[in-house]
Protein chains: 2
Amino acid sequence: MTDAPLQTVTNAARLLKAFLTREESLGVSELARRLGLGKSAVHRLLTTLATEGLVEQDPATGGYRLGLVVFELGEAVRVHMDLHAAAGSVLAHLREETGESAQVGMLDGHDVVYVDRLESSHALRLFTETGRRVPVHCTSSGKVLMAFASEPVRERFLATASLTRHTPQTITDPDEMRRALGTVRARGWADAVDERELGIASLAAPIRDRHGAVVAAIGIGAPVSRFRAMPRKRLARVVVEAGEAVSRRLGWSEDVMSLRKES
Amino acid sequence: MTDAPLQTVTNAARLLKAFLTREESLGVSELARRLGLGKSAVHRLLTTLATEGLVEQDPATGGYRLGLVVFELGEAVRVHMDLHAAAGSVLAHLREETGESAQVGMLDGHDVVYVDRLESSHALRLFTETGRRVPVHCTSSGKVLMAFASEPVRERFLATASLTRHTPQTITDPDEMRRALGTVRARGWADAVDERELGIASLAAPIRDRHGAVVAAIGIGAPVSRFRAMPRKRLARVVVEAGEAVSRRLGWSEDVMSLRKES
DNA sequence: GCCGTCGTTCCGTAAACCGGAACGCGCTGT
DNA sequence: ACAGCGCGTTCCGGTTTACGGAACGACGGC
């Protein structure tokens with residue numbers, strides 16, 4: 001860690017991440033511009049990555065795109081997220097109960113990454129794919145993850161993260177956020193209405209691993225119109241119970257955690 | 001391509017691929033041994049990749065594992081496989097019709113990669129995850145992909161691939177394989193019974209893109225016992241029709257392809 | 001309490017990678 | 001038709017850079 005990072009490898013990593021924009025394929029010159037590198041360097045990186053199967057060249061356009069090996073690696077990661085196994089049927093149950101899209105998110109840096117997801121059956125539904133990042137401070141999942149993070153992590157987040165305003169409802173003041181997170185911690189769930197984008201709302205609860213640490217959040221997202229029509233109390237209970245169900249599958253037993261009132 | 005590959009990047013790529021074995025986490029020394037590199041080199045690679053989020057260190061064991069960014073990248077690849085969108089409901093229909101696990105596979109090198117999959121509802125079912133590689137020469141999907149590949153690709157495969165024997169039924173002779181592929185091409189589907197592993201059987205048909213090129217195969221896999229009990233003719237028709245349904249969604253119109261007899 | 005092994009750090013040197021320029025190609029607009 | 005542009009690709013020299021080997025502190029087991 002004290003070592004200077006390998007610049008070539010760093011460049012290769014950044015190159016791969018450039019494809020996170022989900023563009024169909026990217027050209028050498030375009031990538032060189034975005035990465036601030038020479039064309040030849042990018043070309044060499046690409047051909048190298050291509051021989052390893054991490055990227056592949058579109059014979060028609062000459063552009064490059066991510067290769068199947070990357071897909072394989074992604075699936076390998078998914079397998080080790082015990083969450084995927086533990087959350088599967090719970091997500092299905094949650095969607096059935098609420099009729100809305102249900103998802104599981106994990107914290108990574110200053111973002112939440114959705115690692116699993118089931119879509120609502122409604123025609124009007126939230127569009128979010130797995131693997132997408134969303135901000136922490138204006139989503140219910142993010143607030144849950146922050147509320148239950150260790151205190152140093154939380155304070156570091158409040159100190160360094162920019163609480164960017166997305167809507168008039170977005171919480172942008174660190175102190176207000178601190179208070180909001182306290183509430184979340186106290187009642188065991190978080191919601192977010194119109195905070196990230198006008199018209200969408202979500203509600204989430206924590207998922208704990210076998211040691212009791214909150215490693216992920218499970219929740220539902222819906223259009224504000226439908227969200228408002230649902231009895232908030234029942235909804236929160238359903239989501240919290242879903243979180244507890246997944247936690248139990250991960251080996252967490254709420255007995256060890258002294259006094260917690262069950263509904 | 002004529003350039004010498006960047007060795008550092010190659011090492012980084014190989015390092016990532018080492019995680020395809022799906023081990024929970026790997027240590028510096030272990031990786032150094034597998035890759036034939038020095039410990040310090042591996043350590044530097046890992047710390048570099050870690051700062052980019054491609055790998056992460058388990059604070060408890062000190063070992064490393066793939067990071068969430070890799071998962072994100074994998075999902076980004078999935079999106080661009082139009083197949084995922086096109087095949088979804090067809091896979092569901094196929095599983096419903098047959099009651100068996102249904103999957104979509106693509107060719108990559110000398111392997112077939114399953115890019116999409118739905119599991120059978122039977123208690124006894126094939127266990128294969130998406131992102132897994134299987135050999136070409138002893139699977140129905142593989143035979144379909146080879147049978148409909150361009151002639152140079154096919155011949156190159158027959159010349160260079162080692163038709164490894166997995167069971168007594170595995171086709172290991174290039175000439176016999178050539179004949180088998182001819183049959184597949186003629187009738188439009190392939191099967192494989194006890195060829196990869198004793199007790200499992202599969203049947204697959206081609207998926208064509210808008211230009212008519214066979215880019216993937218769709219098929220079902222089942223225990224040989226159940227497979228034998230199904231009327232082969234009907235099963236083949238169902239699978240072939242599933243392939244045609246996906247192909248149509250990919251923009252392929254069978255009209256342009258002159259004379260093809262529909263059932 | 002002693003090895004063996006782990007992850008990590010340091011350092012000198014040889015090899016590897018970056019940048020810049022040039023090439024061939026397919027466009028587009030004149 | 002032709003010139004101009006942008007593309008992906010190639011080549012080559014100079015300097016940076018990444019490799020290997022050895023040493024360190026910590027952990028854990030016979």
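Every chain is numbered from 1, with letters handed out A, B, ... down the list of sequences.
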Fill in the blank from the handout: Result for side-chain contact (heavy atoms from CB on, under 4.5 Å) between B:Y64 and one of B:T47, B:L49, B:V42 points to B:T47
Problem - For atom CG of B:L49 and atom C1' of D:dA18, their distance in whole Å - result: 14 Å
Practice task
Kindly say if A:N11 contacts the phosphate of C:dC17, meaning a side-chain N or O under 4.0 Å from OP1 or OP2.
Solution key: no
Handout entry: A:L6, nearest nucleotide to its side chain (from D:dA18, C:dT8, C:dT9)
Key = D:dA18
Exercise for the section: State whether A:R33 places a side-chain N or O below 4.0 Å from either non-bridging phosphate oxygen (OP1 or OP2) of D:dG6. Expected result: no
Handout entry: Nearest listed nucleotide, side chain of A:S40, among D:dT10, D:dG21, D:dC19
Key = D:dT10
Handout entry: Atom pair CG (B:L158) and CE (B:M146), whose distance is rounded to the nearest 0.5 Å
Key = 7.5 Å
Exercise for the section: Counting heavy atoms from C-beta on, name the nucleotide in C:dC18, D:dT10, C:dC6 closest to the side chain of B:K39. Expected result: C:dC6
Exercise for the section: Please figure out whether B:A41 or A:G62 has its closest DNA chain D nucleotide nearer the 5' end. Expected result: A:G62
Handout entry: Distance test, side-chain N/O of B:H43 to OP1/OP2 of C:dT8, below 4.0 Å
Key = yes
Handout entry: Distance test, side-chain N/O of A:R44 to OP1/OP2 of C:dC18, below 4.0 Å
Key = yes
Fill in the blank from the handout: Whole-Å distance, B:L31 CG to C:dG7 P, equals 8 Å
Problem - side-chain N/O B:T8 vs D:dT17 OP1/OP2, d < 4.0 Å - result: no
Practice task
Write down the distance between CG (A:L26) and P (D:dC7), rounded to a whole number of angstrom.
Solution key: 12 Å
Handout entry: Between D:dG6 (P) and A:E30 (CD): distance, integer Å
Key = 13 Å
Exercise for the section: Would you mind telling me which of D:dG20, C:dG7, C:dA16 lies closest to the side-chain atoms of B:Q7? Expected result: C:dA16
Exercise for the section: Check whether any side-chain heavy atom of B:M177 lies under 4.5 Å from a side-chain heavy atom of B:R154, and answer yes or no. Expected result: no
Exercise for the section: Please examine the side chains of A:M106 and A:V112, heavy atoms only from C-beta on, and report whether any two atoms are closer than 4.5 Å. Expected result: no
Practice task
Give a yes/no answer on whether the side chain of A:Y64 brings an N or O atom under 4.0 Å of OP1 or OP2 in D:dC7.
Solution key: no
Practice task
Look at the side-chain N and O atoms of A:Q57 and state whether any lies under 4.0 Å from the OP1 or OP2 oxygen of D:dT9.
Solution key: yes
Problem - Any A:S29 side-chain N or O less than 4.0 Å from OP1/OP2 of D:dG8 - result: yes
Practice task
With the side chain of A:L37 defined as its heavy atoms from C-beta on, choose the nearest nucleotide among D:dC19, C:dT8, C:dG19.
Solution key: C:dG19
Practice task
Considering non-hydrogen atoms only, spot the tightest contact between B:P206 and B:S247 and give its length.
Solution key: O-OG, 4.2 Å
